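Please read the structure below before turning to the comments.
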Amino acid sequence: MTLRITFPKADTTPKGHIVVTVFEGDTLSTAAKKIDKALDGLVASAMKKDKSFKGKLGQVLTLYAPEKSKIDRVTILGLGKTDDFDSLKAEEAGGKLFAAIGKAGSKDIMLVTEKSKALKNELAAAHLANGFSLRAYNFDRYKSKKDSKDDAPKLAALKVLSSHPANSKAAFDALDSVTSGTFWARDLVNTAPNDLYPDSYAKQIRDELKPLDVSVEILDEKKLEKMGAGAILAVGKGSERQPRMVIMRWNGAGKKKGAKTIGLVGKGVTFDTGGISLKPGAGMDEMKMDMGGSAAVVGTVKALAKSNAKVNVVAIIGLAENMPSSNAYRPGDIVTSLSGKTIEVLNTDAEGRLVLADCLTHIQSKYKPDIIIDLATLTGAMMVALAHEYCGTFVNNDELWKQLEKSSAGTGEKLWRMPLDDVWKKEMESTVADVQNLAKSGRWGGACTAAGFLEHFIEDGVEWAHMDIAGTAWRKSDKPTVPKFGTGFGVRVLHDWITQNYQ
Ligand code: BES
Ligand code: MN
Ligand code: ZN
């Protein structure tokens with residue numbers, strides 16, 4: 001069931017499940033006082049009696065109203081310290097609100113917002129709602145029983161009262177475009193790999209993005225062969241389901257003078273068994289998320305199109321399934337990439353870099369973007385270093401890093417700068433071919449040497465960032481019933497970076 005979020009005009013007769021907000025150490029706002037009065041002081045007295053409730057960010061306290069009242073329940077939501085309340089904190093509070101009451105059985109909830117010093121109320125309302133919505137994401141495609149009759153009624157609507165409903169709605173709609181991209185990226189990562197494979201994935205992208213005026217071109221294995229994209233083809237050789245390259249163009253800035261072309265590239269390995277260099281069995285199911293980089297890229301393109309961003313973006317993702325078979329590529333193979341550079345394959349599990357190499361070459365030679373960012377679940381080493389928390393980001397330009405750092409702080413998608421170094425580029429030179437896909441010195445600094453490999457496919461003078469999202473693309477949930485799930489990481493930070501700097 002989808003959640004409907006609206007911003008109605010201030011309702012004088014609150015009813016149902018009401019949420020009021022309070023800053024740490026503060027008393028109730030004027031709006032909340034009205035509700036308190038209607039309940040003969042129940043809210044204020046609960047706050048006084050519950051000594052553990054301090055109004056800390058995301059803290060909640062829920063009370064039941066007397067039977068005769070039109071109000072069923074009141075939830076008090078803490079917003080933390082009023083001085084440093086900002087849009088990110090509002091989203092965090094909104095998320096925690098959903099976690100606390102989203103499944104408590106109320107069909108609709110009315111959130112009454114209040115004035116704050118640091119953030120305009122109309123914006124706070126939009127961000128609270130967006131945080132709530134992001135947390136309400138649910139993936140039940142494979143559950144045969146969706147709305148079980150035994151369960152309590154499901155939440156269908158959130159009404160948010162703000163000082164300026166029209167402005168709140170406009171702000172929310174803009175955020176919601178980005179959320180729709182994030183949700184799509186999550187869905188793609190969560191889809192089982194028997195359903196999501198190169199051809200089905202490519203078609204889904206076409207069906208989803210074409211109606212949004214994004215041009216979508218799909219290159220199948222025959223076209224890839226004709227072009228000479230030997231690296232991505234090698235990775236996909238072992239699978240019945242042959243590789244695809246998908247090229248998306250969003251021309252929101254049109255022919256505007258000075259408009260830059262942003263290039264995005266994503267790794268879309270729809271399942272990574274490791275190939276002949278087979279991975280161990282335990283936890284291998286997690287490798288369905290090995291297309292997380294491509295999901296972030298297509299999610300960003302959707303977000304840009306839905307928010308009608310006045311920017312020009314070309315995005316290329318490489319889709320392949322890495323399987324062992326009698327037809328699979330092997331350790332020892334030497335393949336010729338689209339760039340003409342030969343690659344000695346030393347481990348078929350280091351496949352992502354091969355897929356990216358051909359995508360990076362194609363985007364540079366055909367579209368000549370001013371800046372390129374690639375995203376990939378590239379190395380286990382990245383996860384060892386930064387876990388699920390930070391995305392290691394390798395950038396060859398300080399100005400670009402500054403922009404990314406700012407967007408990271410603004411969206412809460414955490415980036416951490418990692419080093420590029422010629423030492424690592426050298427590590428990837430082969431004795432028999434131009435490059436090899438494993439570092440000479442072995443596993444140390446695996447995320448850095450992988451970036452060093454990619455750097456061999458970046459032309460001189462091109463501004464470039466590589467984001468290794470191996471850890472951030474997915475998480476294990478703290479709830480045992482939801483073991484693993486896609487986060488949609490990358491959509492928010494990329495959308496912010498593109499619209500803040502190139503619009
Ligand atoms: N898809 C994996 C990286 C990965 C591992 C992502 C764990 C998320 C969680 C990638 O294709 C891979 O297998 N990389 C190897 C590279 C090695 C063979 C140089 C790795 O990290 O072990
Ligand atoms: Mn691999
Ligand atoms: Zn992989």
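Predicted, not measured: the structure shown is a model, and the values here were computed from it. Just follow the structure's listing: the first ligand is 1, and inside any ligand the first atom is 1. Values below: all heavy atoms of this structure, side chains included; hydrogens, waters and symmetry mates excluded.
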May I ask you to decide if Met291's main-chain N or O and Ser294's side chain share a donor-acceptor pair within less than 3.5 Å? yes
Is any N, O or S atom of Asp349 under 2.8 Å away from the Zn ion (ligand 3)? no
At a non-hydrogen distance cut-off of under 4.0 Å, which region of Arg443 contacts ligand 1 (side chain, backbone, both, or neither)? neither
Honestly, for Lys267 the part within reach of ligand 1 (heavy atoms, under 4.0 Å) is side chain
Between Asn322 and Thr348, a side-chain donor and acceptor under 3.5 Å: no
Ring geometry between Phe139 and Tyr137 (parallel below 30°, tilted from 30 to 60°, perpendicular above 60°): parallel
From CD (Glu463) to CG (Asp370), nearest 0.5 Å: 8.0 Å
Quick note on ligand 1: atoms under 4.0 Å from a heavy atom of Arg353 include exactly 16 (C), 19 (C)
Heavy-atom nearest option to atom 18 (C) of ligand 1, drawn from Asn347, Thr348, Leu378: Asn347
Can a donor-acceptor pair be found, under 3.5 Å and without considering hydrogens, that links the side chain of Lys143 to the backbone of Arg141? no
Looking at Arg492 and Asp496, is there a salt bridge between them, counting it only when a charged N and a carboxylate O are closer than 4.0 Å? no
Which value, rounded to the nearest 0.5 Å, describes the distance between Leu79 atom CG and Leu97 atom CG? 9.5 Å
Per-atom filter on ligand 1: closer than 4.0 angstrom to a heavy atom of Lys279 are 12 (C), 13 (O)
Do the charged groups of Arg206 and Glu217 touch, with an N to O distance under 4.0 Å? no
Show the atoms of ligand 1 that are less than 4.0 angstrom away from any heavy atom in Thr377. 1 (N), 2 (C), 3 (C), 6 (C)
Looking at non-hydrogen atoms alone, which of Val384, Leu438, Asp349 comes nearest to atom 15 (C) of ligand 1? Asp349
Which residues and atoms, protein N, O or S only, are under 2.8 Å from the Mn ion (ligand 2)? Asp272 OD2, Asp349 O, Asp349 OD1, Glu351 OE1
Value rounded to 0.5 Å, distance of CZ in Arg475 from CD in Glu389: 5.0 Å
Where ligand 1 meets Asp272 - atom numbers and elements under 4.0 angstrom, heavy-atom basis: 1 (N), 2 (C), 10 (C), 11 (O), 13 (O)
For the Zn ion (ligand 3), give me the closest N/O/S atom belonging to Glu351, just the atom name. OE2
Within 4.0 Å of some non-hydrogen atom of Met289, the atoms of ligand 1 are 8 (C), 9 (C)
Quick check: does Asp290 get an N/O under 3.5 Å from an N/O on ligand 1? yes
Can you sort out which atoms of ligand 1 are near Glu351, meaning under 4.0 Å from one of its heavy atoms? 11 (O)
Of all the non-hydrogen atoms in the protein, which one sits nearest to atom 22 (O) of ligand 1, and at what distance? Gly380 N, 4.5 Å
Residue pair Trp474 / Asn190, side-chain donor-acceptor N/O under 3.5 Å: no
Do the side-chain N and O atoms of Asp349 and Ser277 include a donor-acceptor pair separated by under 3.5 angstrom? no
Could you identify the single nearest non-hydrogen protein atom to atom 7 (C) of ligand 1 and state the distance to 0.1 Å? Met287 CE, 3.4 Å
Which residue and atom name correspond to the protein heavy atom nearest atom 6 (C) of ligand 1, and how close is it? Ala470 CB, 3.7 Å
Check: Glu321 side chain, Phe271 main-chain N or O, donor-acceptor pair, under 3.5 Å: no
Ligand 1 contact on Met383 by region, counting heavy-atom pairs under 4.0 Å: side chain
Polar side chain donor-acceptor pair, Asn312 to Thr261, under 3.5 angstrom: no
With distance as the sole criterion, is a donor-acceptor pair present between the side chains of Trp184 and Gln204 under 3.5 Å? yes
For the Zn ion (ligand 3): the N/O/S atom of Asp290 at shortest distance: OD2
Rounded to the nearest 0.5 Å, the OG atom of Ser407 sits from the CG atom of Asn501 at a distance of 6.0 Å
Please work out the angle at the Zn ion (ligand 3) defined by atom OD2 of Asp272 on one side and atom NZ of Lys267 on the other, rounded to 10°. 180°
